Amino acid sequence: MKNEIVTSPAYRKVVAALDDCEKRYDGLIKWTGATNDLRLSSTVAILKGEVEQRRRLEVELLTAVEAERQRIGQDLHDDLCQRLGAIALLIGSLAKEVSVLDPKLGGKVEKIPSLVTETIESCRNLARGLHPVTLASAGLPAALAELAARVPADVKFEWPRSERIDFEPALALHLYRIAEEAVANAVKHARAKSITIGLAIVAEQPILEIKDNGKGIGQKLKTEGMGLRNMQYRANVIGGDLTVEARKGGGTCVRCTLPLRKSKS
């Protein structure tokens, strides 16, 4: 459910088209850039403009996806969960009245509020996946810690608490989604039992790293997997370098390295 929007057929089609478009442009730029002909130089300029336009469209696409996820997540949390909570209270009250007339039936009705409460918690988890409220209220480290806590696997989050790690909201969101996608891939495809999410600043460079002990990512999934494409696109949008490598002893390491941070004067 949490990846429903970003893996929809329409989204996959647009991203695939953008990916093919960039490959064609890059190839043409390399070919025409090898000459000094003015007409070809003009073509290079046009193609570079097209590439920039493609990248702007990519950013707009991701922004639109996030806006829709946020809307759905808020609707789940603010509307549906509250309605379910009200239903649980009404049924609890009804159970007491029924128990007076029919204790056996009342006992059955009394079980319903707990089921509704479980449903509310499931809805809240879905809402958190669609729209990580903690990211905006408490920052990226807190959101990643929450992500690690709700995944049905042994997931740990590590970061240097002694160092302040703060990112702009858009940057933090993309890093969060990269981590979320990497963890989902590790659980679903690599069947990992242990996963570590690491966030650190090394030589002034922010680094997000997700390591697992799974069976690894096959070449087909590595080259054709939509999840990996999503991570790569997000890394490109924030100017990061994304690598996916096999770990010694088994498993996979997904690493996103961001550009050097400007020193604060």
Side-chain angles (χ1 to χ4, degrees), residues 1-13 15-16 19 62 65-66 69 72-73 76 118-119 121-132 134-135 140-159 172-200 206-238 240-258:
M1 174 67 181
K2 66 181 181 181
N3 289 324
E4 180 180 350
I5 298 175
V6 295
T7 57
S8 67
Y11 179 85
R12 292 168 64 94
K13 183 178 180 180
V15 172
D19 189 38
L62 291 176
V65 169
E66 289 299 339
R69 291 177 69 144
I72 296 174
L76 281 173
E118 291 178 6
T119 303
E121 186 58 31
S122 295
C123 285
R124 284 176 177 163
N125 285 333
L126 288 173
R128 292 189 194 103
L130 288 168
H131 176 49
T134 304
L135 187 63
L140 182 59
L144 291 176
E146 183 181 79
L147 170 64
R150 77 166 188 267
V151 174
D154 179 17
V155 184
K156 299 177 181 178
F157 172 57
E158 300 175 349
W159 66 286
L173 179 58
H174 287 304
L175 287 174
Y176 177 85
R177 292 302 187 197
I178 289 173
E180 184 180 49
E181 189 68 60
V183 169
N185 285 342
V187 174
K188 182 178 179 180
H189 300 293
R191 303 283 188 256
K193 301 300 182 183
S194 178
I195 304 169
T196 300
I197 304 172
L199 182 66
I207 297 177
L208 173 68
E209 194 173 71
I210 301 90
K211 299 181 290 186
D212 69 69
N213 67 344
K215 64 180 182 180
I217 297 178
Q219 186 61 31
K220 183 176 181 180
L221 184 61
K222 190 172 182 179
T223 56
E224 301 178 12
M226 199 62 198
L228 293 177
R229 281 191 184 184
N230 289 336
M231 288 191 289
Q232 186 63 66
Y233 274 113
R234 290 185 182 277
N236 289 341
V237 166
I238 59 179
D241 178 36
L242 186 82
T243 60
V244 180
E245 301 173 339
R247 298 179 64 198
K248 292 183 179 179
T252 304
C253 176
V254 177
R255 183 183 298 108
C256 182
T257 304
L258 297 178

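These figures come from a predicted structure and were not determined experimentally.
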Results of side-chain hydrogen bond (donor to acceptor under 3.5 Å, both in side chains) for Thr134 - residues two or more places apart only:
Glu146

By side-chain hydrogen bond (donor to acceptor under 3.5 Å, both in side chains) - contacts of Asn125 (at least two apart)
Arg128

Could you measure the distance from the CZ atom of Arg150 to the CG atom of Leu126? Nearest 0.5 Å is fine.
9.5 Å

What closest approach, in Å, do Pro141 and Phe157 show between heavy atoms, and which atom pair accounts for it?
O-CE2, 3.2 Å

Check: Leu258 and Cys256 side chains under 4.5 Å, non-hydrogen atoms
yes

Just so I know, are the side chains of Ile207 and Arg255 near enough to count as touching, which here means a heavy-atom distance under 4.5 Å?
yes

Does a side-chain heavy-atom distance below 4.5 Å link Ile197 with Leu208?
yes

What heavy-atom pair brings Leu135 and Leu140 nearest, and what distance separates the two atoms?
CD1-CA, 3.6 Å

Heavy-atom distance under 4.5 Å between the side chains of Lys156 and Ser194, does that happen here?
no

Shortest non-hydrogen separation from His174 to Val237 and the atoms involved
NE2-CG1, 3.8 Å

For Arg247 versus Asp212, what's the shortest heavy-atom pair and its separation?
NH1-O, 3.0 Å

Would you mind telling me which of Ile195, Thr252, Val244 makes a side-chain contact (heavy atoms from CB on, under 4.5 Å) with Ile210?
Ile195

Taking the side chain as every heavy atom from C-beta outward, state whether Glu181 and Val254 have any pair of such atoms under 4.5 Å apart.
no

